[in-house]
*Asks:* 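Questions regarding the structure given below will be posed in turn.
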Amino acid sequence: MTDTSNARPAEGEAQAPRQSRLLRLMRYLPLIAPVLLWAVPCWVLLFTGQHWPLPVTVAGTALFVLGLAAMPLAMMRGHGRRQQDRAAIIGDTLLGGSWVLFTWSVLLGILLRLALTVAGVGQSEDRARIVTWAVLGVSAALLVWGYVEARRVPRVRRLDVPLPRLGAGLDGLRVVLITDTHYGPLDRARWSARVCETVNTLEADLVCHTGDIADGTAERRRAQATPLATVRATEARVYVTGNHEYYSEAQGWVDLMDELGWEPLRNRHLLLERGGDTLVVAGVDDVTAESSGLVGHRAHLAGALDGADPELPVLLLAHQPKFVDRAAAAGIDLQLSGHTHGGQIWPFHHLVRLDQPALAGLSRHGARTLLYTSRGTGFWGPPFRVFAPSEITLLVLRSAQQR
């Protein structure tokens, strides 16, 4: 568990300008990223001393140019106004494939070539061709494995979470967290049903969904979301919005989840009582809600806790981990979040950490607040998960008052 409570102000002040510059650079990524993702592998695999026959060089270059042209076009048609699912699948797959190819072109293009040179293996052309085949082989293997990982029912991750203020009557409370299901262009209705079956084997007292249900409107993705109605919990099923709801008519998702029997915690709370003790279960809209323009949608922690006894422990649902700064200031005991996907495709987690204080797992923030960040139950966009497996999380809450 990471303890962030002793971070020095001077370090934070020094890091702020660096993060600001990096965030400014991120604005230009949509323009330069596609070119880099396709140009770098093209150069490494075809033009760094391999001396391929001319037909091979021409055909390979044509493939990279085609990928560079097709990927943004398909992404725009799939995720823009037209919302064409087939185009989205093509664009997302090209995006994931090019990211993996780019990553290993850089890593093996430098490290493997250096190792071969130091070891004195072959001539320059031999080393260049070895690098090419190694990059293609590793990338293909990772994409196949990543696709299987993305489409499988997530493994269950179990952990005990000690909450000092939790009453003894609530010791052992079983909280199941699913998040970032991202129902989308690839029909995952059967996968959704199997996820719900897995959740039901965990005998949860409380089941939480911390947003990003789908990419698309509730009407469009209803069939994939409908199995959520089968989820069982002895106490409650609760839900908060994620940022992707605000790309797809968020109120429709709130209404559908309510229809499916889930309690939308839109800046409000409910009380969970057992054994004479009480836990406040609160939720807030995603931090992007206010900029969405939807009336009444915003992340309002004070509203979520309005009327709750401040002496009671609080479990807070907030889609993005970065909300933990506000949670810690309010003395929240445990915040549950998703959003990061654990990076989804390594090494994208380095970019995620520019925006979020935690990537995955349990971390401490301030004197009291714990944050659990899930790697997510589904996947966004590219149907791959590389070194960032999905999860269904079982959190068993433990009380310090229990003998």
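Position 1 is the first residue of the sequence; numbering continues from there.
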*Asks:* Would you confirm whether His209, through its side chain, and Thr179, through its main-chain N or O, come within 3.5 Å as a donor-acceptor pair?
*Replies:*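 Pair absent, no side-chain N/O of His209 close to backbone of Thr179.
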*Asks:* Hey, what do you get for CG (Leu316) to OG1 (Thr369), rounding to the nearest 0.5 Å?
*Replies:*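 So the gap between those two atoms works out to 9.5 Å.
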*Asks:* Report, as yes or no, whether the 6.0 Å neighbourhood of atom CZ on Arg268 holds more than 12 heavy atoms from other residues, nucleotides or ligands.
*Replies:*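 Enclosed.
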*Asks:* Do Thr278 side-chain atoms and Leu272 backbone N/O form a donor-acceptor pair below 3.5 Å?
*Replies:*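 No, the answer is negative, given that no donor and acceptor are paired below the 3.5 Å cut-off.
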*Asks:* Taking 4.0 angstrom as the limit, do Asp333 and Arg165 come out as a salt bridge?
*Replies:*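 Salt bridge between Asp333 and Arg165, a charged N being under 4.0 Å from a carboxylate O: yes.
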*Asks:* Can you tell me how far the CD atom of Glu290 sits from the OG1 atom of Thr288, to the nearest 0.5 Å?
*Replies:*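 Output value for this atom pair is 10.5 Å.
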*Asks:* Any donor and acceptor pair, going by atom type alone, linking the side chain of Ser139 with main-chain N or O of Leu136 inside 3.5 Å?
*Replies:*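 Absent.
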*Asks:* Kindly indicate whether a cation-pi arrangement holds for Arg188 with Phe379, taking the cut-offs as under 6.0 Å to the six-membered ring centre and within 45° of the axis.
*Replies:*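 Ring-cation test returns yes.
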*Asks:* CG of Leu397 to CG of Asp160: how many Å apart, nearest 0.5 Å?
*Replies:*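 Output value for this atom pair is 9.0 Å.
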*Asks:* Please report the C-alpha distance between His341 and His349 in whole Å, then the side-chain angles of each, then the deciding distance to 0.1 Å, and finally whether the ring pair (Phe, Tyr, Trp, His ring centres under 6.0 Å) criterion is met.
*Replies:* CA-CA 9 Å; His341 298 205; His349 66 284; over 10 Å; no
*Asks:* What distance separates Ser337 OG from Asp286 CG, expressed to the nearest 0.5 Å?
*Replies:*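 The OG atom of Ser337 sits 9.5 Å away from the CG atom of Asp286.
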*Asks:* Would you say that Ser374 contacts Leu336 through its side chain, given a criterion of any heavy-atom pair below 4.5 Å between the two side chains?
*Replies:*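 Side-chain contact under 4.5 Å: no.
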*Asks:* Do any N or O atoms from the side chain of Trp380 and from the backbone of His182 form a donor-acceptor pair under 3.5 angstrom?
*Replies:*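 Not a single qualifying donor-acceptor pair exists.
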*Asks:* Is a side-chain N or O of Asn267 found less than 3.5 angstrom from the main chain of Arg298, in a donor-acceptor match?
*Replies:*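 Indeed, once roles are kept as given, a pair shorter than 3.5 Å links the two residues.
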*Asks:* Compare every heavy atom of Tyr372 with every heavy atom of Leu362, then report the nearest pair and how far apart it is.
*Replies:*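 Smallest interatomic distance, heavy atoms only, reads N-CD1, 3.9 Å.
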*Asks:* One pair to check against side chain to side chain contact (heavy atoms under 4.5 Å, CB included): Cys208 and Leu206. What are the steps and the verdict?
*Replies:* CA-CA 7 Å; Cys208 308; Leu206 177 70; 3.9 Å; yes
*Asks:* Going by the rule ring pair (Phe, Tyr, Trp, His ring centres under 6.0 Å), which residues pair with Trp104 if we only count those two or more places apart in sequence or in a different chain?
*Replies:*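 Ring pair (Phe, Tyr, Trp, His ring centres under 6.0 Å) list for Trp104, sorted by chain: Trp346.
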*Asks:* For the pair Asp180 (side chain) and His339 (backbone), establish whether a donor and an acceptor sit closer than 3.5 Å, ignoring hydrogens and angles.
*Replies:*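 Yes, Asp180 side chain to His339 backbone: donor-acceptor pair under 3.5 Å.
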*Asks:* Enumerate donor-acceptor pairs with a distance under 3.5 Å from any side-chain N or O in residues 63-81 to protein atoms, sequence neighbours excluded.
*Replies:*
unit_1, atom_1, unit_2, atom_2, d
Arg77, NE, Gln84, OE1, 3.3
His79, NE2, Asp92, OD1, 2.9
His79, NE2, Asp92, OD2, 3.3

*Asks:* Is it the case that the side chains of Gln320 and Asn243 hold a donor-acceptor pair, with the cut-off being a distance below 3.5 Å and no angle test?
*Replies:*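 The answer is no; no qualifying pair exists.
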*Asks:* Please answer whether the main-chain N or O of Asp212 pairs with a side-chain N or O of Glu245 as donor and acceptor at a distance below 3.5 Å.
*Replies:*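 Such a contact is found between Glu245 side chain and Asp212 backbone.
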*Asks:* Where is the tightest heavy-atom contact between Arg326 and Ala299, given as atom of each residue plus distance?
*Replies:*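 Taking Arg326 first and Ala299 second, the nearest heavy atoms are NH1-O, 3.8 Å.
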*Asks:* Dump the intermediate steps for side chain to side chain contact (heavy atoms under 4.5 Å, CB included) on Ile110 and Leu114, then the final yes or no.
*Replies:* CA-CA 6 Å; Ile110 296 173; Leu114 179 61; 5.5 Å; no
*Asks:* For Leu159, run the side-chain contact (heavy atoms from CB on, under 4.5 Å) check against Thr393, Leu394, Val396 and tell me which one passes.
*Replies:*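 Only one option passes, and that is Thr393.
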*Asks:* Using modelled atom types and a 3.5 Å cut-off, is there a donor and acceptor pairing between side-chain atoms of Gln335 and backbone atoms of Ala327?
*Replies:*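 Side chain of Gln335 to backbone of Ala327: no pair is present.
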*Asks:* Can you tell me how far CG of Asp85 sits from CD1 of Ile89, rounded to the nearest 0.5 angstrom?
*Replies:*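 Separation between the atoms: 6.0 Å.
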*Asks:* Quick check: do Ser192 and Thr181 have side-chain heavy atoms less than 4.5 Å from each other?
*Replies:*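 When only atoms from C-beta onward are counted, Thr181 and Ser192 do not touch, as no gap falls below 4.5 Å.
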*Asks:* Assess the residue pair Val240 and Asp285 against the criterion (side chain to side chain contact (heavy atoms under 4.5 Å, CB included)); give the C-alpha distance rounded to whole Å, side-chain angles, the decisive distance to 0.1 Å, and a yes or no.
*Replies:* CA-CA 6 Å; Val240 293; Asp285 292 339; over 6 Å; no
*Asks:* Could you tell me whether the side chain of Glu273 and the main chain of Leu279 form a donor-acceptor pair under 3.5 Å?
*Replies:*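 Looks like no, no N/O pair under 3.5 Å.
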*Asks:* Do Gln83 and Arg220 have side chains that get closer than 4.5 Å, going by heavy atoms?
*Replies:*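 Heavy-atom side-chain distance check passes, below 4.5 Å.
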*Asks:* Check for a donor-acceptor pair, side chain of Gln224 on one end and backbone N or O of Gly184 on the other, with a separation under 3.5 Å.
*Replies:*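 Pair found, side chain donor or acceptor close to backbone of Gly184.
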*Asks:* Do Glu391 and Thr377 come within less than 4.5 Å of each other through their side chains, counting heavy atoms only?
*Replies:*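 Sidechains of Thr377 and Glu391: no contact.
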*Asks:* Side chains of Thr217 and Glu249: is there a donor and an acceptor less than 3.5 Å apart?
*Replies:*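 No - no donor-acceptor pair under 3.5 Å links their side chains.
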*Asks:* Closest approach of Trp253 and Gly216, non-hydrogen atoms and distance?
*Replies:*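 Here Trp253 and Gly216 meet closest at NE1-O, 3.0 Å.
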*Asks:* What do the steps show when you test Glu197 against Arg232 for salt bridge (Lys or Arg N to Asp or Glu O under 4.0 Å), and what is the final call?
*Replies:* CA-CA 9 Å; Glu197 290 170 3; Arg232 297 190 299 269; over 6 Å; no
*Asks:* More than 12 heavy atoms of other residues, nucleotides or ligands under 6.0 Å from CZ of Phe102: is that the case?
*Replies:*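 Yes, CZ of Phe102 has more than 12 neighbouring heavy atoms, counting only those of other groups under 6.0 Å.
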*Asks:* Quick one, Trp145 with Phe387, criterion ring pair (Phe, Tyr, Trp, His ring centres under 6.0 Å). Give me CA distance, side-chain angles, the key distance, then yes/no.
*Replies:* CA-CA 10 Å; Trp145 175 60; Phe387 304 132; 5.3 Å; yes
*Asks:* Is a side-chain donor-acceptor pair under 3.5 Å present for Arg113 with Thr48?
*Replies:*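 Their side chains do contain a donor-acceptor pair, which is all the 3.5 Å distance test asks for.
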*Asks:* Looking at Arg221 and Asp215, is there a salt bridge between them, counting it only when a charged N and a carboxylate O are closer than 4.0 Å?
*Replies:*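 A salt bridge is absent here (no side-chain N lies under 4.0 Å from a carboxylate O).
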*Asks:* May I have all residue pairs that pass ring-ring contact (aromatic ring centres under 6.0 Å, His included) and include part of residues 264-308, sequence neighbours excluded?
*Replies:*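 Every ring-ring contact (aromatic ring centres under 6.0 Å, His included) pair that includes a residue of residues 264-308, provided the two are not neighbours, is Tyr246-His297.
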*Asks:* May I ask you to test the Arg274-Asp205 pair for a side-chain heavy-atom distance under 4.5 Å?
*Replies:*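 Arg274 vs Asp205: side chains touch.
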*Asks:* Please identify which of these residues, Arg375, Arg385, Arg155, meets the salt bridge (charged side-chain N to carboxylate O under 4.0 Å, His left out) condition with Glu149.
*Replies:*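 Going through Arg375, Arg385, Arg155 one by one, the salt bridge (charged side-chain N to carboxylate O under 4.0 Å, His left out) with Glu149 is satisfied by Arg155 alone.
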*Asks:* Any chance you could measure Arg127, atom CZ, to Leu112, atom CG, to the nearest 0.5 Å?
*Replies:*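 The CZ atom of Arg127 sits 11.0 Å away from the CG atom of Leu112.
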*Asks:* Side-chain contact test, heavy atoms from C-beta onward, threshold under 4.5 Å: evaluate it for Leu228 versus Cys196 and give yes or no.
*Replies:*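 When only atoms from C-beta onward are counted, Cys196 and Leu228 do touch, with a gap below 4.5 Å.
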*Asks:* Look at the rings of His244 and Tyr247 and say which category their plane angle falls in: under 30° parallel, 30 to 60° tilted, over 60° perpendicular.
*Replies:*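 Perpendicular.
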*Asks:* If every non-hydrogen atom of Leu359 is compared with every non-hydrogen atom of Thr373, which pair is closest and at what distance?
*Replies:*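 Closest heavy-atom pair between Leu359 and Thr373: O-CG2, 3.5 Å.
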*Asks:* With a 6.0 Å cut-off (strictly less than), is the heavy-atom count around CZ of Arg86, excluding the residue itself, greater than 12?
*Replies:*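 Atom CZ in Arg86 is not packed in, count stays at 12 or less.
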*Asks:* Of the non-hydrogen atoms in Ile345 and Phe384, which two are nearest, and what is the gap between them?
*Replies:*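 Smallest heavy-atom distance, with atoms named: CG1-O, 3.7 Å.
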*Asks:* Under 4.0 Å between a Lys/Arg side-chain N and an Asp/Glu carboxylate O for Asp171 and Arg398?
*Replies:*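 Judged by the 4.0 Å cut-off on N to carboxylate O distance, Asp171 and Arg398 do form a salt bridge.
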